[in-house]
Asks: 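My questions will all concern the structure given below.
Per chain, numbering begins at 1; letters A, B, ... match sequence-line order. Only this structure's heavy atoms are used, side chains among them; waters, hydrogens and symmetry mates stay out.
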There are 2 protein chains.
Amino acid sequence: MSSMANFQPLYKQVYELLTARLVSGQWKASAPIPSEMALAKELGVSQGTVRKALNQMVAEQLLERQQGKGTFVAEHTQESSLFRFFRLREPHGESLIPRTQVLSSLRRAAKKNEREIFSLDSNEQVVELRRLRFLKDTPIICEKVIQPLSIFPDIDKEPQLPNSLYTLYQEKYGISIVSVNDELRAHTLPSEFAELLELPVGAPVLAVERASKHIDGRVVELSYAYCNTERFVYSVQHK
Amino acid sequence: MSSMANFQPLYKQVYELLTARLVSGQWKASAPIPSEMALAKELGVSQGTVRKALNQMVAEQLLERQQGKGTFVAEHTQESSLFRFFRLREPHGESLIPRTQVLSSLRRAAKKNEREIFSLDSNEQVVELRRLRFLKDTPIICEKVIQPLSIFPDIDKEPQLPNSLYTLYQEKYGISIVSVNDELRAHTLPSEFAELLELPVGAPVLAVERASKHIDGRVVELSYAYCNTERFVYSVQHK
DNA sequence: CAGTGGTCTAGACCACCTT
DNA sequence: AGGTGGTCTAGACCACTGC
């Protein structure tokens with residue numbers, strides 16, 4: 001080799017390759033991926049090296065392994081994905097499953113900041129979706145979701161949106177949300193949302209601005225949510 | 001062995017043992033801990049098994065490793081520990097170092113919920129500390145910290161509290177905060193804090209209720225903070 | 001130079017699942 | 001029984017650090 005400047009550990013190269021395969025969608029969520037031995041033989045590395053790459057992917061929750069059965073693409077199914085990033089719960093209590101009602105959906109040109117965040121061309125369109133979420137039949141969150149049409153073609157034509165959008169993203173568009181970045185503020189409730197949340201105008205609400213990232217690192221969804229935190233809290237565990 | 005019911009992988013036993021050593025404080029933060037080879041020989045296991053235990057501790061940010069130099073107790077020093085759990089920053093920007101001013105400190109009997117959370121006897125005392133934190137010379141957070149005296153003897157006698165309490169906990173009391181659990185709400189600002197935060201009574205503020213845990217899993221500190229989020233946001237990254 | 005951690009391999013044995 | 005992942009070992013070589 002002419003230079004060591006591009007040196008990458010073998011296990012990392014394997015990790016990159018396998019992650020690319022996962023992203024490309026060539027592994028079905030229902031069947032196990034090839035075994036350690038099969039991958040090692042195919043790639044010409046030792047089983048231990050494949051194992052190290054696979055374990056890193058497990059740590060990032062891209063894969064799940066079961067002794068004796070095999071290694072599987074992590075299923076970000078309804079409930080688990082809802083729980084994974086949805087952080088509202090009863091004080092000191094458990095997570096709850098929210099119910100969701102779609103309020104409206106419209107296409108419009110992307111704004112300047114959206115074009116920057118999503119890396120869009122100047123005339124591209126996005127879908128702006130408004131939803132109301134309920135916990136225990138109480139309206140608790142009013143949210144606005146921004147989706148680029150170039151990433152989610154005709155998503156506004158979907159007949160019925162599931163409770164968890166991330167499931168739809170994965171199944172219909174091959175987009176796996178692996179990390180989200182939330183910025184939280186306290187706001188006074190804007191008048192346009194007061195009736196929906198059954199709160200007086202000016203009541204304090206938690207404003208959550210979220211950017212969601214696909215496996216490849218691109219931001220593919222933005223959302224802005226106003227949460228009533230009278231009876232529920234946003235919970236964070238740092239380790 | 002008479003039964004396999006208590007089977008634990010070797011590396012996990014090593015992990016437990018080394019974590020216990022770390023907690024006991026017998027490793028100085030300045031000097032490297034024994035090398036992989038030395039630990040492997042002492043414990044009668046292979047170097048690879050020691051490595052697996054050490055790498056797990058690195059993943060939990062209990063240790064830090066540097067190629068060629070050695071393995072060190074993670075320094076939760078001023079800046080790094082402040083950044084680790086302190087989540088207020090400029091929108092879309094970097095973390096900032098807060099300045100801190102102590103307002104008051106008093107001893108009192110533990111309340112019922114505090115006795116439960118800290119596992120205290122019925123007549124034990126706690127210290128209630130009030131502080132004001134500044135970002136860029138703007139008062140931004142008013143907080144109340146609860147510390148059990150049985151865990152932090154005479155902490156209210158400390159002549160000068162550092163900007164980061166966690167540093168003091170580690171150096172003087174052998175308490176390492178390894179995880180915190182925050183519950184966030186939007187509140188209206190109570191009148192007692194309005195003047196301190198230079199905000200009108202009733203302004204929306206972010207209320208953060210935090211429980212901090214020592215390595216052994218015990219909650220050793222509670223804090224209640226009111227944050228002005230007009231110019232700064234509480235940032236969370238989920239992976 | 002010797003000592004440290006980082007990577008990579010090969011092989012053994014175990015526990016678990018399916019057939 | 002045969003295949004899977006999980007653990008453990010031993011040894012080789014590399015990269016970085018400090019003397």
Asks: Quick one: is B:Arg65 getting a side-chain N or O under 4.0 Å of the C:dT4 phosphate, OP1 or OP2?
Replies: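 So the side chain of B:Arg65 is outside the cut-off, no N or O lying under 4.0 Å from OP1 or OP2 of C:dT4.
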Asks: Quickly work out the B:Gln8 CD to D:dT7 C1' distance and round it to whole Å.
Replies: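 For the pair B:Gln8 CD and D:dT7 C1', the rounded distance is 13 Å.
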Asks: Quick one: which of A:Val145, A:Asp154, A:Leu149 gives a side chain to side chain contact (heavy atoms under 4.5 Å, CB included) with A:Val127?
Replies: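 With A:Val127 as partner, A:Val145, A:Asp154, A:Leu149 yield a single side chain to side chain contact (heavy atoms under 4.5 Å, CB included), made by A:Leu149.
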Asks: Output the single nucleotide from C:dC8, C:dA15, C:dG5 whose closest atom is nearest the side chain of A:Tyr11.
Replies: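 The closest nucleotide is C:dC8.
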Asks: What's the CD-C1' distance between B:Glu64 and C:dG5, to the nearest Å?
Replies: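 Atom-to-atom, B:Glu64 to C:dG5, this comes out as 14 Å.
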Asks: Atom CD of B:Glu36 to atom C1' of D:dG11: distance rounded to whole Å?
Replies: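 After rounding, the reported distance stands at 14 Å.
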Asks: Remember a base hit wins even if backbone is also touched, and classify B:Gln66 as base, sugar-phosphate or nothing at under 4.0 Å, heavy atoms.
Replies: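 B:Gln66: backbone/sugar contact only, no base atoms under 4.0 Å.
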Asks: Which heavy-atom pair separates A:Phe118 from A:Val219 by the least distance, and what is that distance?
Replies: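 Heavy-atom minimum between the residues: CD2-O, 3.2 Å.
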Asks: Using whole Å, report how far CD of A:Gln67 lies from P of D:dG5.
Replies: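 Nearest whole value for this atom pair: 10 Å.
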Asks: Over how many whole Å does the gap from A:Gln47 atom CD to C:dC14 atom P extend?
Replies: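 Distance, rounded to whole Å: 16 Å.
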Asks: Is there a side-chain contact between A:Leu168 and A:Pro162, using heavy atoms and a 4.5 Å cut-off?
Replies: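 Side-chain contact under 4.5 Å: yes.
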Asks: Would one find a side-chain N or O of A:Thr71 under 4.0 angstrom from OP1 or OP2 of D:dT4?
Replies: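 No, outside the criterion.
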Asks: How many whole angstroms separate atom CZ of A:Phe72 from atom C1' of D:dG3?
Replies: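 Going from CZ in A:Phe72 over to C1' in D:dG3 covers 13 Å.
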Asks: Measuring from the side chain of B:Ser35 (C-beta onward, heavy atoms only), which nucleotide among C:dT4, D:dT17, D:dT9 has the closest atom?
Replies: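 Closest of the options to the side chain of B:Ser35: C:dT4.
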Asks: Is there a side-chain contact between B:Glu183 and A:Pro91 (heavy atoms, below 4.5 Å)?
Replies: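 Heavy-atom side-chain distance check passes, below 4.5 Å.
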Asks: In this structure, which one of A:Lys52, A:Gln8, A:Glu60 forms a side-chain hydrogen bond (donor to acceptor under 3.5 Å, both in side chains) with A:Tyr15?
Replies: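 In the set A:Lys52, A:Gln8, A:Glu60, the residue that makes a side-chain hydrogen bond (donor to acceptor under 3.5 Å, both in side chains) with A:Tyr15 is A:Glu60.
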Asks: Which nucleotide in the set C:dC17, C:dC8, D:dA15 lies at the smallest distance from any side-chain heavy atom of A:Ser46?
Replies: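 Closest nucleotide among those given: C:dC8.
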Asks: Would a 4.5 Å heavy-atom cut-off, applied to side chains only, mark B:Phe86 and B:Ile97 as touching?
Replies: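 When only atoms from C-beta onward are counted, B:Ile97 and B:Phe86 do not touch, as no gap falls below 4.5 Å.
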Asks: Closer than 4.0 angstrom, basic N to acidic O: yes or no for B:Glu64 and B:Lys69?
Replies: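 Between B:Lys69 and B:Glu64 there is no salt bridge, as every charged N stays at least 4.0 Å from the carboxylate O atoms.
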Asks: At a heavy-atom distance below 4.0 Å, what parts of residues 37-45 of chain A sit against DNA chain C?
Replies: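 Listed by number, they are A:Val45.
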Asks: Provide, to the nearest angstrom, the distance between the OH atom belonging to B:Tyr15 and the P atom belonging to D:dT7.
Replies: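 In whole Å, D:dT7 P and B:Tyr15 OH are 15 Å from each other.
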Asks: Minimum heavy-atom separation for A:Val220 and A:Phe152, please, with both atom names.
Replies: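 What the structure gives for the nearest pair is O-CE1, 3.2 Å.
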Asks: Test salt bridge (charged side-chain N to carboxylate O under 4.0 Å, His left out) on A:Glu221 and A:Lys213; report intermediate values, then the result.
Replies: CA-CA 7 Å; A:Glu221 183 210 81; A:Lys213 288 185 182 173; over 6 Å; no
Asks: Can you see whether A:Phe134 has A:Arg99 sitting over its ring - NZ or CZ less than 6.0 Å from the centre and within 45° of the normal?
Replies: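 Yes, cation above the ring, under 6.0 Å and within 45°.
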Asks: Would you kindly give the CD-to-C1' distance between A:Gln13 and C:dC8, to the nearest whole Å?
Replies: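 It is 12 Å, rounded to the nearest whole Å.
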Asks: Considering the terminal five base pairs at each end of the helix from C:dC1-D:dG18 to C:dT18-D:dA1, what angle separates the two local helix axes, rounded to 10°?
Replies: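 Angle reported: 0°, given to the nearest ten degrees.
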Asks: Side chain of B:Leu10 only, heavy atoms from C-beta on: which candidate in D:dT9, C:dT9, C:dC17 is closest?
Replies: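 When the side chain of B:Leu10 is considered, D:dT9 is the closest of D:dT9, C:dT9, C:dC17.
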Asks: What do you reckon, is NZ of B:Lys157 surrounded by more than 12 foreign heavy atoms closer than 6.0 Å?
Replies: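 Yes - once you tally the heavy atoms of other residues, nucleotides and ligands closer than 6.0 Å, there are more than 12.
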Asks: Taking the six-membered ring for Trp, are A:Phe85 and B:His238 parallel (under 30°), tilted (30 to 60°) or perpendicular (over 60°)?
Replies: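 Judged by the thresholds at 30° and 60°, the geometry between A:Phe85 and B:His238 is tilted.
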Asks: Which ones in residues 49-58 of chain A lie close to DNA chain C, meaning a heavy atom under 4.0 Å from one of its atoms?
Replies: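 Only A:Thr49, A:Lys52 qualify.
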